[in-house]
Amino acid sequence: MKLLRTLVFASVWLALPSCASVGRFSASEAATIGAEPGEGAMRVLKTTDGGDSLRLRGRSGRIGRAWLGDPLYARLKRRMLCTVNDPADPGVGIAAPQVGVSRRLIAVQRFDREGEPFEFYANPRIVRYAGETVRSPEGCLSIPGKIDTAVRRERVVLRYRDGQSGKRRREYVSGFTAVVFQHEIDHLNGILFIDRTPDRAAGNRRHKSSKP
């Protein structure tokens, strides 16, 4: 996913149910990542395409630790960075599913760190939400031309594998960076920012309270 810099917010991502297993990249994923010297930006899946829309609603498969030394894994990260830094449409975060690889891998720009670097996270998940509820204008490269308010939490506690070393880590993140993580991790579970608008959030609460 990408978060639109013009609003300081937007995003992108996808998911393939048929590839949602732990193991090496499938043949179709390898073809999407491309052969050497395959570099450059990748095609972003969009809800305006029926097939893309279905894939965006799927859940992504996990990344195995053994993959960290795989040349395809390194190539995927390079191309994801190329995509999120595309001068024609730069962003602050991107997820592997949005570029056609349904795996739990994201890149997030760390505005809370010196130099604001992009960092990769494999199998990220939010284990705790904290702080106030915040509302931010969000957009998504997978939903062209759509900007809306999304309801998020101010702080989160994350667990993930470091995208470089593969070590398991736990981290507390707050502020705008926490919002970016929430947006991106949603993509791994087939959730789009339009599902987090105030009206949708209120509807979900009413639905849960009506259950016997």
Side-chain angles (χ1 to χ4, degrees), residues 1-15 56-57 59-63 65 80 84 91-98 103-143 146-211:
M1 154 198 109
K2 291 185 178 181
L3 295 164
L4 304 175
R5 288 181 188 275
T6 54
L7 289 174
V8 194
F9 205 177
S11 129
V12 205
W13 226 320
L14 123 107
L56 286 165
R57 287 300 189 175
R59 291 180 63 86
S60 297
R62 292 175 62 80
I63 291 284
R65 185 173 183 177
M80 285 174 64
V84 77
V92 297
I94 192 167
Q98 281 189 282
R103 297 293 174 176
R104 303 184 79 82
L105 177 68
I106 65 175
V108 170
Q109 187 168 10
R110 296 302 300 258
F111 291 98
D112 54 347
R113 293 185 177 170
E114 185 177 357
E116 301 182 347
F118 274 98
E119 296 180 355
F120 280 89
Y121 303 86
N123 306 328
R125 62 190 181 95
I126 297 172
V127 296
R128 185 164 66 87
Y129 294 88
E132 300 293 327
T133 297
V134 295
R135 299 187 178 194
S136 302
E138 295 187 29
C140 181
L141 291 183
S142 288
I143 310 176
K146 176 73 171 178
I147 301 295
D148 209 335
T149 298
V151 178
R152 304 289 184 184
R153 292 295 291 276
E154 187 180 21
R155 299 189 292 274
V156 295
V157 177
L158 304 167
R159 282 186 177 173
Y160 58 88
R161 278 194 186 276
D162 183 280
Q164 188 66 31
S165 68
K167 293 182 179 179
R168 294 185 185 277
R169 301 190 186 280
R170 180 185 174 99
E171 185 177 355
Y172 179 90
V173 183
S174 62
F176 178 61
T177 304
V179 173
V180 179
F181 270 105
Q182 290 170 77
H183 187 125
E184 301 299 340
I185 291 173
D186 267 355
H187 275 296
L188 301 180
N189 299 316
I191 299 170
L192 302 176
F193 84 91
I194 54 175
D195 302 324
R196 301 294 191 186
T197 60
D199 288 344
R200 291 283 186 93
N204 289 337
R205 286 195 296 271
R206 286 196 297 271
H207 176 70
K208 289 179 180 179
S209 64
S210 67
K211 289 184 178 180

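Note that the numbering runs from 1 along the sequence shown for the chain.
In terms of modelled atom types and a separation under 3.5 Å, the side chain of Arg153 and the main chain of Gly131 share a donor-acceptor contact. Judged purely by atom type and a 3.5 angstrom limit, Gln109 uses its side chain to pair as donor or acceptor with the backbone of Glu116. Counting only distance, with no hydrogens or angles, the side chain of Ser136 and the backbone of Glu138 share no donor-acceptor pair below 3.5 Å.
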Run the side-chain contact (heavy atoms from CB on, under 4.5 Å) check on Thr149 and Thr197 step by step: do they pass?
CA-CA 6 Å; Thr149 298; Thr197 60; over 6 Å; no
Arg155 vs Tyr172, side-chain hydrogen bond (donor to acceptor under 3.5 Å, both in side chains): CA-CA, chis, key distance, verdict:
CA-CA 7 Å; Arg155 299 189 292 274; Tyr172 179 90; 2.4 Å; yes
Assess whether side-chain contact (heavy atoms from CB on, under 4.5 Å) is satisfied between Val173 and Asp112, documenting all intermediate values.
CA-CA 9 Å; Val173 183; Asp112 54 347; 4.1 Å; yes
Applying side-chain contact (heavy atoms from CB on, under 4.5 Å) to Cys140 and His187, what does each step give before you reach the verdict?
CA-CA 10 Å; Cys140 181; His187 275 296; 3.7 Å; yes
Candidate pair Arg110 and Thr177, rule side-chain contact (heavy atoms from CB on, under 4.5 Å), full reasoning:
CA-CA 6 Å; Arg110 296 302 300 258; Thr177 304; 3.5 Å; yes
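Taking CG from Leu141 and CD1 from Ile94, the interatomic distance works out to 7.5 Å, rounded to the nearest 0.5 Å. The distance from atom CZ of Arg170 to atom CZ of Arg159, rounded to the nearest 0.5 Å, is 4.5 Å. Between the NZ atom in Lys146 and the CG atom in Asp148 there is a gap of 5.0 Å [rounded to 0.5 Å]. Distance check: Phe193 CZ to Arg152 CZ gives 9.0 Å after rounding to the nearest 0.5 Å. Atom CG in Asn123 sits 10.5 Å away from atom CD1 in Ile185 (nearest 0.5 Å). Taking CD1 from Ile126 and CG from Leu158, the interatomic distance works out to 6.0 Å, rounded to the nearest 0.5 Å.
Of all the heavy atoms in Val156 and Ala178, the pair that sits closest is CG2-CB, 4.1 Å. Considering every non-hydrogen atom in both Pro124 and Tyr160, the closest pair reads CA-CB, 3.8 Å. Across all their heavy atoms, Gly166 and Arg161 have their closest contact at O-NH1, 2.8 Å. Considering every non-hydrogen atom in both Leu188 and Arg103, the closest pair reads CD2-O, 3.8 Å. Residues Arg104 and Ile63 approach most closely at O-CG1, 3.8 Å, considering heavy atoms.
At least one side-chain heavy atom of Val92 sits less than 4.5 Å from a side-chain heavy atom of Phe111. You'll find the side chain of Tyr129 reaches within 4.5 Å of the side chain of Gln182, heavy atoms only. Using a 4.5 Å cut-off on side-chain heavy atoms (C-beta onward), Phe118 and Val108 make no contact.
By the 6.0 Å contact criterion, CZ on Arg169 is enclosed, its count of non-hydrogen atoms from other residues, nucleotides or ligands being greater than 12.
In this structure, Asp195 pairs ionically with Arg57, as a charged nitrogen and a carboxylate oxygen lie closer than 4.0 Å. Ion pairing between Glu119 and Arg113 holds under the 4.0 Å rule for side-chain N and carboxylate O.
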